[in-house]
Amino acid sequence: MKLGILGDIHGNLEALQTVLADAKEEGINQFVSVGDLVGYGPNPKECLEVIRDELKCPCVKGNHDELASQDVSTMSFNPIAAEAITWTRNQLDEDHKKYLRGLPMRRLLGDYELVHATLDMPKSWGYVFDRLAAASSMNYQNTPVCFFGHTHVPMVFVKEGLTRESPVRLERNWSSLELKPGWRYFINVGSIGQPRDGNPKCAYVIFDMEKQVVTIKRLDYDIAAVQYKIRQAGLPEKLATRLEHGK
Ligand code: ZN
């Protein structure tokens with residue numbers, strides 16, 4: 001079975017539809033998501049409905065999902081993200097917010113797990129960019145693979161062994177990876193809606209569970225159409241320009 005893993009969609013419907021069309025060609029009919037369905041992008045409601053109703057996709061909660069579904073202060077966010085959260089709150093109906101509030105922080109699905117930020121302190125929304133942060137999370141990982149998001153930068157951390165002391169290394173420049181039995185993998189699937197690794201193409205990951213191979217795909221999508229919608233909605237200009245730079 002081939003599984004599609006969707007990360008940080010952020011209300012970008014054009015990118016999500018591009019990914020789903022590609023996944024169909026790849027023969028994928030089951031999806032999971034590592035959260036942040038909403039925030040930043042101009043179609044939070046539509047993206048949420050695709051995940052919840054169309055795909056019936058198991059999902060974990062992201063920090064934007066949390067903030068957009070509650071009436072709490074946006075002080076913890078930078079001004080641009082906070083402005084987008086306020087806008088997003090006004091787009092969502094109560095049933096959307098209820099769905100977002102009900103999402104779990106982490107989700108165990110057979111022999112893999114999902115989390116938005118880290119397994120050690122999922123509610124602190126820490127950013128994993130290095131081996132030290134990855135190792136802290138992997139101490140709490142009980143499955144061979146855990147998929148995560150939050151940084152919008154695809155990365156694979158590998159632990160060659162199961163003890164606390166086993167070293168963790170960062171696998172650079174990967175596009176396809178064969179999982180080895182007995183090793184642990186902490187895999188950032190990149191972002192569909194707002195990539196930040198300098199590559200504006202949207203990202204998603206395919207997990208071939210029979211072959212135990214994880215592959216990342218990068219796809220062109222209609223960035224101009226999303227930028228137009230962002231400007232029409234009156235969202236901050238930077239949210240439009242950053243899409244073409246992938247930053
Ligand atoms: Zn995000």
Side-chain angles (χ1 to χ4, degrees), residues 5-16 19 31-48 50-52 57 59-70 72 74 76-89 91-92 96-97 99-101 103-107 114-119 121-129 133-134 137 146-155 186-205 216 218 221 223 226 230 235-236 238-243 245-247:
I5 301 118
L6 314 174
D8 290 270
I9 298 163
H10 283 294
N12 185 334
L13 189 61
E14 278 70 16
L16 178 60
V19 163
F31 295 90
V32 296
S33 164
V34 297
D36 269 3
L37 308 179
V38 305
Y40 297 133
N43 290 108
K45 210 167 162 163
E46 292 78 3
C47 289
L48 185 153
V50 168
I51 293 295
R52 182 188 63 181
C57 179
C59 186
V60 287
K61 191 187 286 183
N63 52 327
H64 287 253
D65 303 325
E66 180 175 80
L67 214 53
S69 60
Q70 289 173 346
V72 293
T74 53
S76 62
F77 271 36
N78 72 57
I80 289 173
E83 197 179 327
I85 284 293
T86 305
W87 181 87
T88 302
R89 280 176 180 167
Q91 306 302 308
L92 299 176
H96 299 113
K97 291 182 185 173
Y99 169 77
L100 293 175
R101 279 196 296 271
L103 290 173
M105 295 304 292
R106 52 193 281 191
R107 200 144 177 175
L114 310 173
V115 73
H116 185 65
T118 72
L119 289 172
M121 288 190 288
K123 287 182 179 161
S124 300
W125 309 115
Y127 291 88
V128 176
F129 280 114
S137 180
C146 177
F147 297 103
F148 75 108
H150 197 39
T151 63
H152 301 205
V153 178
M155 281 183 173
F186 191 43
I187 301 174
N188 191 305
V189 300
S191 174
I192 291 178
Q194 195 193 81
R196 290 182 196 157
D197 59 339
N199 177 357
K201 295 180 186 203
C202 58
Y204 83 106
V205 156
I216 186 159
R218 302 302 293 260
Y221 72 99
I223 292 177
V226 185
I230 287 173
L235 282 158
K238 196 191 166 206
L239 296 179
T241 51
R242 70 186 303 176
L243 291 180
H245 304 298
K247 285 211 162 106

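Computed from a predicted model, the values in this text were never measured in an experiment. Remember, it's 1-based here, ligands and their atoms both numbered in the order they're listed. Every heavy atom of this structure was used, including side-chain atoms; hydrogens, water molecules and symmetry mates were not.
For the pair His96 and Leu48, the tightest heavy-atom approach, listed with the atom from each and the gap, is CD2-CD2, 3.6 Å.
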- Query: Given the rule in the side chain to side chain contact (heavy atoms under 4.5 Å, CB included) test, do Trp125 and Glu66 qualify, once you have shown the distances and angles that lead to the verdict?
  - Reply: CA-CA 11 Å; Trp125 309 115; Glu66 180 175 80; 3.5 Å; yes
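When the Zn ion (ligand 1) is compared with the N/O/S atoms of Asp8, atom OD1 turns out nearest. When the N, O or S atoms of His152 are ranked by distance to the Zn ion (ligand 1), NE2 comes first. For Asp36, the N, O or S atom closest to the Zn ion (ligand 1) goes by the atom name OD2.
With 2.8 Å as the limit, His116 does not count as an N, O or S neighbour of the Zn ion (ligand 1). Among the atoms of His10, an N, O or S atom falls under 2.8 Å of the Zn ion (ligand 1).
Side chain to side chain, Asn12 and Tyr40 fail the donor-acceptor criterion of an N or O pair below 3.5 Å.
Aromatic pair His150/Tyr127: centroids less than 6.0 angstrom apart.
Note on ring orientation: taking the six-membered ring where Trp is involved, the planes of His10 and His152 are tilted (angle from 30° to 60°).
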